[in-house]
Number of protein chains: 4
Amino acid sequence: MSTTPRTARGTRTRARLVEAAEQVFASVGYHDASIVKITEQAGVGLGTFYLYFDGKQAIFDEVVEDLNRRVRQAMTEAAKAAANRIEAEREGFRAFFRFTAEHPALYRIIRQAEFVSPGALRMHYTRIVHGYVEGLKAARDAGEIRPMDVDTVAWALMGIGEMLGMRWVLWHADREGGGPAPEIPEAEFEEMMRFIERGMAPEAPADGGGA
Amino acid sequence: MSTTPRTARGTRTRARLVEAAEQVFASVGYHDASIVKITEQAGVGLGTFYLYFDGKQAIFDEVVEDLNRRVRQAMTEAAKAAANRIEAEREGFRAFFRFTAEHPALYRIIRQAEFVSPGALRMHYTRIVHGYVEGLKAARDAGEIRPMDVDTVAWALMGIGEMLGMRWVLWHADREGGGPAPEIPEAEFEEMMRFIERGMAPEAPADGGGA
Amino acid sequence: MSTTPRTARGTRTRARLVEAAEQVFASVGYHDASIVKITEQAGVGLGTFYLYFDGKQAIFDEVVEDLNRRVRQAMTEAAKAAANRIEAEREGFRAFFRFTAEHPALYRIIRQAEFVSPGALRMHYTRIVHGYVEGLKAARDAGEIRPMDVDTVAWALMGIGEMLGMRWVLWHADREGGGPAPEIPEAEFEEMMRFIERGMAPEAPADGGGA
Amino acid sequence: MSTTPRTARGTRTRARLVEAAEQVFASVGYHDASIVKITEQAGVGLGTFYLYFDGKQAIFDEVVEDLNRRVRQAMTEAAKAAANRIEAEREGFRAFFRFTAEHPALYRIIRQAEFVSPGALRMHYTRIVHGYVEGLKAARDAGEIRPMDVDTVAWALMGIGEMLGMRWVLWHADREGGGPAPEIPEAEFEEMMRFIERGMAPEAPADGGGA
DNA sequence: AATGAATGAGAGTTCATTCAT
DNA sequence: GATGAATGAACTCTCATTCAT
C-alpha cells in the first residue's frame with residue numbers, strides 16, 4: 001500500500017512508522033491519533049509520514065493488515081503442536097487470548113474500523129473465520145465433532161473469543177497503570193472450553209451401544 | 001444528564017435532539033457527527049443544543065443509554081411469552097436480532113464507545129449480561145442447564161449474539177441501498193441455538209438411567 | 001456567491017472581508033494572500049471567513065466581480081458627461097486610467113486570474129469590451145468613425161489601455177514608498193488618443209471636396 | 001544565472017530542466033509548479049535541480065529570459081524579409097502571433113511574473129518595446145509614419161498585440177483538447193493592421209500643397 | 001554528477017463551544 | 001426558549017530546500 005521505499009533506510013523508517021501507528025491508535029484511538037503524534041512516536045519528521053503513506057487511513061489499513069497477519073500466525077503456530085483437533089482448537093484459542101492480552105491494540109483498533117475502513121474490518125474477521133472453518137471442516141469429516149454448518153459455528157466461536165478477550169483486556173486496561181493485562185484466568189478459560197466442546201460434540205451413541 | 005427542560009416545548013426539543021443524534025451517529029459515526037449536523041437533523045438552531053447537553057459526549061452517553069434500555073426491554077418482553085427457560089433464551093435471542101436488524105445504530109454506535117465513552121460501553125454490556133445471568137441462574141437452579149459459571153457463559157452468549165448479528169447487519173448495510181437488513185435466516189439461527197443449547201445442556205445421566 | 005449572511009451584523013462582516021481581501025490580494029498577490037492575512041486585515045477571527053466563503057478562490061472571484069463592476073461604472077459615469085462620441089471615448093479612457101491609478105489592485109489581481117479563476121478573467125475582459133463595443137457601434141452608425149469590425153478594435157483599445165496603465169501604475173508601484181501612483185501624464189495621454197482617433201477616423205473625402 | 005555546468009552531461013541536464021520548467025509553468029502556473037514536477041518532467045532526480053539553480057524563482061527568471069529571447073528573434077527574423085517599414089511591422093506582428101500561438105507558455109508565464117519576479121516582467125516588456133521603438137524611429141525619420149512620441153506608441157502596439165493574442169490563445173486553450181491554438185484569423189489581423197497603420201500614417205498633405 | 005530521504009514551516013480548513021441578541 | 005455569528009485551537013497535507021550517500 002502507499003509508497004514503497006527505494007532504499008534500506010527508507011524501509012526502516014516506514015516500518016518505524018507502522019509500529020508507532022499501532023501504539024498510538026491503540027492508546028488514543030483513531031480519531032485522536034494525529035499524524036504528528038505518530039511521527040513523534042516514530043521519531044521522524046512530520047513530512048516524512050507522507051513519503052510513505054497517503055494519509056491516516058492508509059496507515060490504519062496497514063496496521064490492521066499487520067495485526068491480522070500476526071494474530072493468525074500465532075494461532076496457527078500454537079495449533080500445530082496439538083495432538084488432535086480438539087486440542088488444536090484449545091491451543092488456538094489460548095494463543096488468541098495470549099496475543100490479544102499482549103496486543104490490546106487488536107481490539108481497540110478493530111472496533112474502530114467500522115467507519116474508518118469497513119473493508120479492513122471485514123477482511124480481519126473474514127480471514128480469522130476462514131482459519132476456524134478449515135479446522136472445523138476437517139474435524140467434522142474426521143467425526144471428532146458433530147455434523148454442522150461450520151460457517152455459523154465459526155462466527156460464533158469468534159464472537160466468544162472476542163467478547164471474553166475484550167472484557168478481560170479492556171476492563172484491565174481501564175484500571176490506571178494496570179500494566180499489561182494478565183492472561184485470562186484458567187478457570188474461566190476452562191469453563192468457556194467446556195461450553196464450546198459440548199456445543200460441538202458428536203451425538204452420543206443412541207444408547208451406548210452396549211449390552 | 002445535562003440540563004432538564006422546564007417546559008413542554010423544551011422537552012419536545014430535547015427529545016428531537018436525542019433522536020437526531022442517534023440517526024447521525026449511526027450514519028456517519030461519532031467523530032464525523034458534528035453538532036451542526038445533529039441540530040440540522042433535529043430542525044433546531046445550533047445554540048439550542050447547548051441548552052440541553054453539556055457537549056457531544058453527553059448526548060452520546062444518552063443515546064447509548066436509550067438504545068440499551070430499549071434493546072433490553074425488547075428482549076425481556078419477548079422472553080416473557082416463553083413456556084420454559086430454554087424457550088425464553090430462544091425468544092430473547094430472536095428479539096435481540098430483530099432489534100439490531102431494525103436499529104443498526106446499536107452496533108455502529110456501541111463499537112465506537114470504547115474511546116468515546118468507556119463507561120457507556122461497559123454499562124451497555126454489563127446490563128445486558130446481567131439479564132442473561134439472572135436467566136441462567138434460574139435455569140441452573142431448576143436443573144434445566146448443567147451446573148456452570150453462569151457469568152462466563154453469559155458473556156460468551158453475548159459474544160455470539162453480537163458477532164452473528166453484526167455480521168448480518170453490517171454486511172447488509174454495506175450493500176448499497178440494501179434497505180433495512182433482513183432478519184437472520186432461520187437455518188442459521190437454529191444452528192446457533194443448537195450450539196448454545198448443547199453447550200449448556202445438563203449431563204446425560206451416567207448410563208442412560210438404566211436399571 | 002458562497003453563503004449569504006442572515007443578519008445585519010453578518011452583512012457588515014462579510015463586506016469587511018471582501019474589502020480586506022482586495023487589499024491583501026493587491027499587495028502580496030493571490031498565492032501569498034493567506035486566509036489568516038485576510039482575516040487579520042478585516043479584524044475578524046480566522047473561522048469567521050468560512051462562514052461566508054467556501055475558500056480563497058470564492059472570495060477572489062467576488063473581489064474580481066466587485067472591481068469589475070466599479071471600473072465599468074466609473075467609465076460609464078465619465079462618458080455620460082461627454083458632448084460627443086469621441087469625447088466620450090476620451091473621458092472613458094481617462095476614467096479608466098484614473099480608476100486603475102487609484103486601485104492598482106485591478107491590474108495586480110486580474111493578471112493572476114488566469115490560473116486562479118479563468119472564468120473570472122474572461123468575465124472581466126468580456127464585460128469591459130462589451131462597453132466599448134456598444135459605444136463603437138453607435139459611433140460607427142453615426143458616421144463619427146469609419147466602418148470597421150468593432151469587436152477587434154474594442155479588444156485593441158482595451159489592450160492599449162491595459163498596457164499603458166499597467167506600465168504607469170506598476171512601474172510606479174515598484175518604487176518603494178512611491179505613494180499612490182500619479183496619473184498618466186497629459187502628453188502621453190494625448191499621444192495615445194491621437195493614435196486611437198486616427199486609427200478610427202472616417203475616410204477623408206476623396207479629394208477634399210475641392211471646388 | 002545560478003550554477004554553470006562543467007561537463008557536457010551537465011549542460012544537457014541543465015537544458016532539460018529549463019525546457020521542463022517552461023512546460024510545467026505553462027500548464028499549471030508558477031505556484032502549482034513544484035520542483036518535483038519539474039524534475040520528473042525532466043527525468044532527473046529531485047536533488048539534481050539544486051545543482052544548477054538556486055531555487056524556483058531562479059529557473060523562472062531563466063525561462064522568461066529564454067522565451068523573451070526567442071520571441072524577439074522570431075520577430076526580427078520575420079521583419080528582415082520585409083520590403084519596407086510598414087511591411088516589416090506587419091511581418092513582425094504576424095511572427096509575434098505565430099510564436100505565441102505555438103508557445104502559449106509566453107502569456108501564461110509572463111502574466112504571473114508580476115509578483116513572482118517583477119524584474120523579469122519589466123525586462124520582458126522593455127526589451128520587446130525596445131525593438132518596436134527602434135523600428136518606429138527609423139520609420140519616422142524616413143517619413144513613413146507621422147512624427148510622434150514613438151515610446152508611447154510602441155507600448156500601445158504591444159498592448160494591442162498582447163491583448164488580441166491573449167484572447168485568441170487563451171480562449172482556445174480553454175476549450176478542452178483544443179489542441180494547439182490556431183493562428184489568429186486573417187480578417188481580424190487585417191482589421192487590426194488597418195487600425196494601427198492609420199493610427200501612425202503621416203498627415204495627409206494639407207491640400208496637396210497645390211498651386 | 002546525481003540522487004532521494006528527510007524536514008518543518010506554513011497553508012487551507014473544520015468544528016466544539018461561547019455569547020449577544 | 002431559541003438563535004446563529006464569532007472564535008481559535010488543532011487538524012491534515014504540501015513543498016522548497018538540505019544533505020548524506
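Note on naming: letters A, B, ... go to the chains in the order of the sequence lines (proteins, then strands), and numbering restarts at 1 for each one.
Rounded to an integer number of Å, the gap from CG of C:D54 to C1' of E:dT14 is 13 Å. Between B:F53 atom CZ and E:dC15 atom P there is a gap of 20 Å when expressed in whole angstrom units. Between the CD1 atom of B:I38 and the P atom of E:dC15 there is a distance of 12 Å, rounded to whole Å.
Note on A:Y50: a side-chain N or O is less than 4.0 Å away from OP1 or OP2 of F:dC13.
Residues A:I109 and A:F60 meet the side-chain proximity criterion, which asks for heavy atoms closer than 4.5 Å.
Between C:F25 and C:Y30, the two ring planes are parallel [angle under 30°; tilted spans 30° to 60°].
Under a 3.5 Å cut-off, the side chain of B:R14 and the backbone N or O of B:L51 do not form any donor-acceptor pair. Looking only at distances, a side-chain donor or acceptor of B:Q112 sits under 3.5 Å from a matching main-chain atom of B:R108.
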Map every base of DNA chain E to its dot-bracket character, where paired means a Watson-Crick or G-U wobble contact with both distances under 3.5 Å and | marks a partner outside the strand.
.||||||||||||||||||||
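Atom CD of B:Q41 is surrounded by more than 12 heavy atoms from other residues, nucleotides or ligands within 6.0 Å. For A:E19, the CD atom counts as loosely surrounded, since its 6.0 Å shell holds 12 or fewer non-hydrogen atoms of other residues, nucleotides or ligands.
Residue A:L121 comes nearest to A:E114 through the heavy atom pair CD2-CA, 4.2 Å, listed as atom of the first residue, atom of the second, then distance. In terms of heavy atoms, B:G29 sits closest to A:F115 at N-CE2, 3.4 Å.
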Per-nucleotide protein contact along nucleotides 5-11 of chain E, 5' to 3', at a 4.0 Å heavy-atom cut-off (B base, S sugar-phosphate only, - neither), is BBBBB-S
